[in-house]
Participant: 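Questions regarding the structure given below will be posed in turn.
Letters go in sequence order (proteins before strands), and every chain restarts at 1. Fair warning: this is a prediction, and the values are worked out from it, not measured in the lab.
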There are 2 protein chains.
Amino acid sequence: MLRLSKKTDYALLAVRHLAANADRGAVSARELAETYDIPPELLAKVLQKLVRGRLLESQQGIRGGYALARAASAMSVADVIQAVDGPLMVTACSEDDHSCDQYSKCNIRDPLWRIKDRIIAALGATSVAELAMEMPAPLPLPAGVLPLQMVKRP
Amino acid sequence: MLRLSKKTDYALLAVRHLAANADRGAVSARELAETYDIPPELLAKVLQKLVRGRLLESQQGIRGGYALARAASAMSVADVIQAVDGPLMVTACSEDDHSCDQYSKCNIRDPLWRIKDRIIAALGATSVAELAMEMPAPLPLPAGVLPLQMVKRP
DNA sequence: GAGATATCCGACCGAACTAGTCCATCTTAG
DNA sequence: CTAAGATGGACTAGTTCGGTCGGATATCTC
């Protein structure tokens, strides 16, 4: 029923968070996972895919973490989905992949491909920056308060 | 990755076929299954869902079969998908269903719901009649030739 | 240099869903 | 009555998805 995968949900939450907190530098996977109640290892996998998709940049080491690889306004929801879940397709077949038992007899391909293009357009029209604009930043961080990563944990 | 289910594919093929052959009266599930190489029992289930969704009308008994319940132009691709796969949703949550671990902390709901509306609009804008127009009918049936269901099989 | 804190990467597991099958029943034309 | 058709439920095999585990590597702090 056309549902987005959970990994995509997590990816969008994370990317939105990074966009809203771009000024704070790298954000660790652990902080993201705790903020949104996501299994840390699973989120880590998603973030790695986003790195491989050139949407995020990672920094290893003790103060490492993730940050957007480019401006949030130049990153669409479609980009995030494709980085996590692979190329988004509505039908089993595509221009180059004809692996479908009904391919030769199928006569609904073309209209469905047109629909797919419209869906991709809808997903491409919304940028991550728009997601981040939607609500106030979840951690307003009043002036003078150290960012989370500087605070000693018990 | 936003893929349509196979059942939906079959439903669209069937509905398109019925629209293109509306003048021939009821078409049996077997004929549809053979025409498009679909497992008959599976197609039967899909057709039943379409009947329950008031998109098709069925006639039982020998010489029975399926026909569109209303004009093909008044039946959208979205209607077919929803009848087969249930209400189409992009996110796990909706206006009434908040069953999602991240619901309280989620801040990407609203933009995603807007995207969902645009997808539904894209699916709703294409009618079954347009699908049927796309190509010549798969069985042109030259004048004088009896329809398939009248032909004796060996 | 040592240790702590990160990312990175591959293998693995269980649950859920999907596609497909089988079978038994009911309905109707001939 | 019988054959052809729809209807409906239970069942299975395969795949995907969400989640977990263990270890390797990089880098900062002390």
Participant: Rounded to the Å, how far apart are A/L18 CG and C/dT7 P?
Facilitator: 11 Å
Participant: Just how far, in rounded Å, is P of D/dT15 from NZ of B/K6?
Facilitator: 12 Å
Participant: Rounded to the nearest angstrom, tell me the gap between atom CG in B/L42 and atom P in C/dG20.
Facilitator: 6 Å
Participant: Does A/L13 reach the side chain of A/Y36, with side-chain heavy atoms less than 4.5 Å apart?
Facilitator: yes
Participant: By nearest nucleotide on DNA chain C, pick out whichever of A/Y66 and B/D85 is the more 5' one.
Facilitator: A/Y66
Participant: Phosphate oxygens OP1/OP2 of D/dA4: is one of them under 4.0 Å from a side-chain N or O of B/R30?
Facilitator: no
Participant: Should B/M75 and B/L55 count as side-chain neighbours, where that means a heavy-atom distance under 4.5 Å?
Facilitator: yes
Participant: Take the protein atom CG of A/D101 and the nucleotide atom C1' of C/dA19, then report the distance between them rounded to whole Å.
Facilitator: 12 Å
Participant: Roughly how many Å is it from NZ in A/K7 to C1' in C/dA16, rounded to a whole number?
Facilitator: 15 Å
Participant: Could you check how far CD of B/E41 sits from P of C/dT25, rounded to whole Å?
Facilitator: 18 Å
Participant: Taking CZ from B/R63 and P from C/dG30, how many angstroms apart are they, rounded to a whole number?
Facilitator: 6 Å
Participant: For DNA chain C, which residues in residues 43-61 of chain B have a heavy atom at a distance below 4.0 Å?
Facilitator: B/K45, B/Q60, B/G61
Participant: Show the nearest heavy-atom pair for residues B/I120 and B/L88, with the distance to one decimal.
Facilitator: CG1-CD1, 3.2 Å
Participant: Going by atom types only, do A/S94 and A/D97 share a side-chain donor-acceptor pair under 3.5 Å?
Facilitator: no
Participant: State whether the number of non-hydrogen atoms from other residues, nucleotides or ligands found under 6.0 Å of A/R54 atom CZ is greater than 12.
Facilitator: no
Participant: Where each residue is assigned the nucleotide of DNA chain D containing its nearest heavy atom, which of A/L4 and B/A29 is assigned the position nearer the 5′ end?
Facilitator: B/A29
Participant: In the structure I gave you, are the side-chain heavy atoms of A/I115 and B/T126 within less than 4.5 Å of one another anywhere?
Facilitator: yes
Participant: Using a cut-off of less than 4.0 Å, is there contact between a side-chain N or O of B/Y10 and OP1 or OP2 of C/dT18?
Facilitator: no
Participant: Mind listing the closest non-hydrogen atom pair of A/R3 and B/V90 along with its distance?
Facilitator: NH1-O, 3.1 Å
Participant: How many Å lie between CD1 on A/I38 and P on D/dT20, as a whole number?
Facilitator: 12 Å
